[in-house]
Amino acid sequence: MDEELVRTLLQEQHPDLADLELKEVVGGWGNQMWRLGEDLAVRMPRTDRFPELLLNEHRWVPDIAARVPLPVQTPVRLGAPSDRFPRTWLVSTWVAGEPADYAPITDPEAADVLADFLRALHTEAPADAPASNRSGLPESLGFSDVHEYVDCLDEVRAVWEDAVAAPAYDGPLLWLHGDLHPANVVVADGTLAGVIDLEEVCAGDPATDLAAAWILLPAGAADRFFERYQADEATVRRARAWAVQRALFLIAMGINGDKGVPGGKAHWGPLGRAALDRIR
């Protein structure tokens with residue numbers, strides 16, 4: 001995938017956009033992104049897994065975007081598979097700000113911003129909404145290959161065991177972002193400014209998203225977040241376990257980056273370790 005391919009696809013399928021300035025955006029994992037003009041972005045999947053997710057995003061996110069209090073990356077055009085590029089792709093809105101994996105949130109008041117966003121997002125989803133594959137906690141902590149890199153493993157296991165003992169979610173399935181981690185939100189002036197990459201939007205247990213209290217917010221902000229969101233105790237316990245999982249994932253990606261494994265991101269390792277410090 002390169003600029004010539006993207007420009008050609010735009011000329012063939014969305015010619016009214018084809019003359020806008022096109023600039024590749026560094027980063028991304030499942031999708032490669034280009035900024036298109038001032039207000040748009042082109043997102044193209046790197047694997048065959050993502051077209052179905054992009055179709056879900058195209059169907060559901062515009063309605064969600066209309067009722068949440070932060071800018072979210074919203075599909076505006078659908079790109080069809082073709083002989084030139086055999087996967088679905090999207091033209092979406094551009095959300096201004098720096099990704100939080102490069103510019104972490106530092107303002108404690110971001111706890112209120114994140115809580116208000118998730119309260120607005122977490123409404124009951126319709127029966128045909130995509131189902132979350134993370135609604136129930138996995139049977140084990142997982143990420144065994146990175147345990148040797150974690151100094152506080154006993155405390156991490158205690159968090160996990162406490163969450164497993166908590167009551168399971170039995171409420172209505174709610175709309176979720178599904179993948180809230182530092183690379184999927186943007187920051188301006190130290191606070192949360194927007195949310196991107198909603199291809200994993202789904203319905204499930206809100207605890208999955210509430211893990212962001214420890215993954216995204218600065219130290220000491222989680223209590224303020226949960227007071228604003230008004231989560232019950234069992235949900236908070238499950239959310240801590242999901243936060244542990246996300247932190248271990250960030251550490252694993254960091255290790256892969258240090259080793260030069262394709263797709264690894266060395267700068268994610270410190271983010272995961274800092275999140276573990278906030279969780280325990």
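In this chain, numbering begins with 1 at the start of the sequence shown. Computed from a predicted structure; not experimentally measured.
- L137 and L173 are assigned to two separate hydrophobic clusters, defined by single-linkage of ILVMFWY side chains at heavy-atom distances under 4.5 Å.
- A side-chain donor-acceptor contact under 3.5 Å links Q13 to the backbone of A80.
- The cluster map of Ile, Leu, Val, Met, Phe, Trp and Tyr, joined by side-chain heavy atoms under 4.5 Å apart, puts F249 and V159 in the same cluster.
- If you check the side chains of S92 and R77, you find no donor sitting under 3.5 Å from an acceptor.
- Minimum heavy-atom separation, L174 to P206: CD1-CG, 3.9 Å.
- Proximity of a side-chain donor or acceptor of R87 to a complementary backbone N or O of R46 within less than 3.5 Å is detected.
- Here the closest non-hydrogen pair linking I279 and R240 is O-NH2, 2.5 Å.
- A pairwise comparison of heavy atoms in W60 and P130 identifies NE1-CD, 3.4 Å as the closest pair.
- Here the closest heavy-atom approach between residue H181 and residue I215 is recorded as CA-CG2, 4.2 Å.
- Judged purely by distance below 3.5 Å, without hydrogens or angles, the side chains of D205 and T208 never pair a donor atom with an acceptor atom.
- Linking ILVMFWY side-chain heavy atoms closer than 4.5 Å, directly or via other members, places V6 and L78 in two distinct hydrophobic clusters.
- Residue L198 is not grouped with residue V186 when hydrophobic side chains (ILVMFWY) are merged at heavy-atom distances under 4.5 angstrom, including chains of intermediate members.
- The local environment of CG in D258 is crowded, with over 12 non-hydrogen atoms from other residues, nucleotides or ligands closer than 6.0 Å.
- Nearest approach of L20 to L36, heavy atoms of both residues: CB-CD1, 3.7 Å.
- Between H14 and W89, the ring planes lie perpendicular to each other; the angle is over 60°, past the 30° to 60° tilted range.
- D116 is linked by a salt bridge (charged side-chain N to carboxylate O under 4.0 Å, His left out) to R228, counting only residues two or more places apart in sequence or in another chain.
- L216 and I196 end up in different hydrophobic clusters when Ile, Leu, Val, Met, Phe, Trp and Tyr side chains are linked at under 4.5 Å.
- Residues W214 and F226 place their aromatic rings such that the two centres sit under 6.0 Å apart.
- At most 12 heavy atoms of other shown residues, nucleotides or ligands fall within 6.0 angstrom of atom CG in D170.
- Applying the ring-ring contact (aromatic ring centres under 6.0 Å, His included) test to residues at least two apart or on different chains, the pairs with a partner in residues 121-168 are H122-Y229.
- Looking only at distances, no side-chain donor or acceptor of T191 sits under 3.5 Å from a matching main-chain atom of D189.
- Looking at every heavy atom in both residues, E124 comes nearest to P172 through CD-CB, 3.6 Å.
- The ring pair (Phe, Tyr, Trp, His ring centres under 6.0 Å) search around W242 returns none, not counting sequence neighbours.
- In this structure, D2 does not pair ionically with R7, as no charged nitrogen and carboxylate oxygen lie closer than 4.0 Å.
- Between R157 and D162, no side-chain nitrogen of the basic residue sits less than 4.0 Å from a carboxylate oxygen of the acidic one, so the salt-bridge criterion is not met.
- A salt bridge links R43 to E199: one of the charged nitrogens lies within less than 4.0 Å of a carboxylate oxygen.
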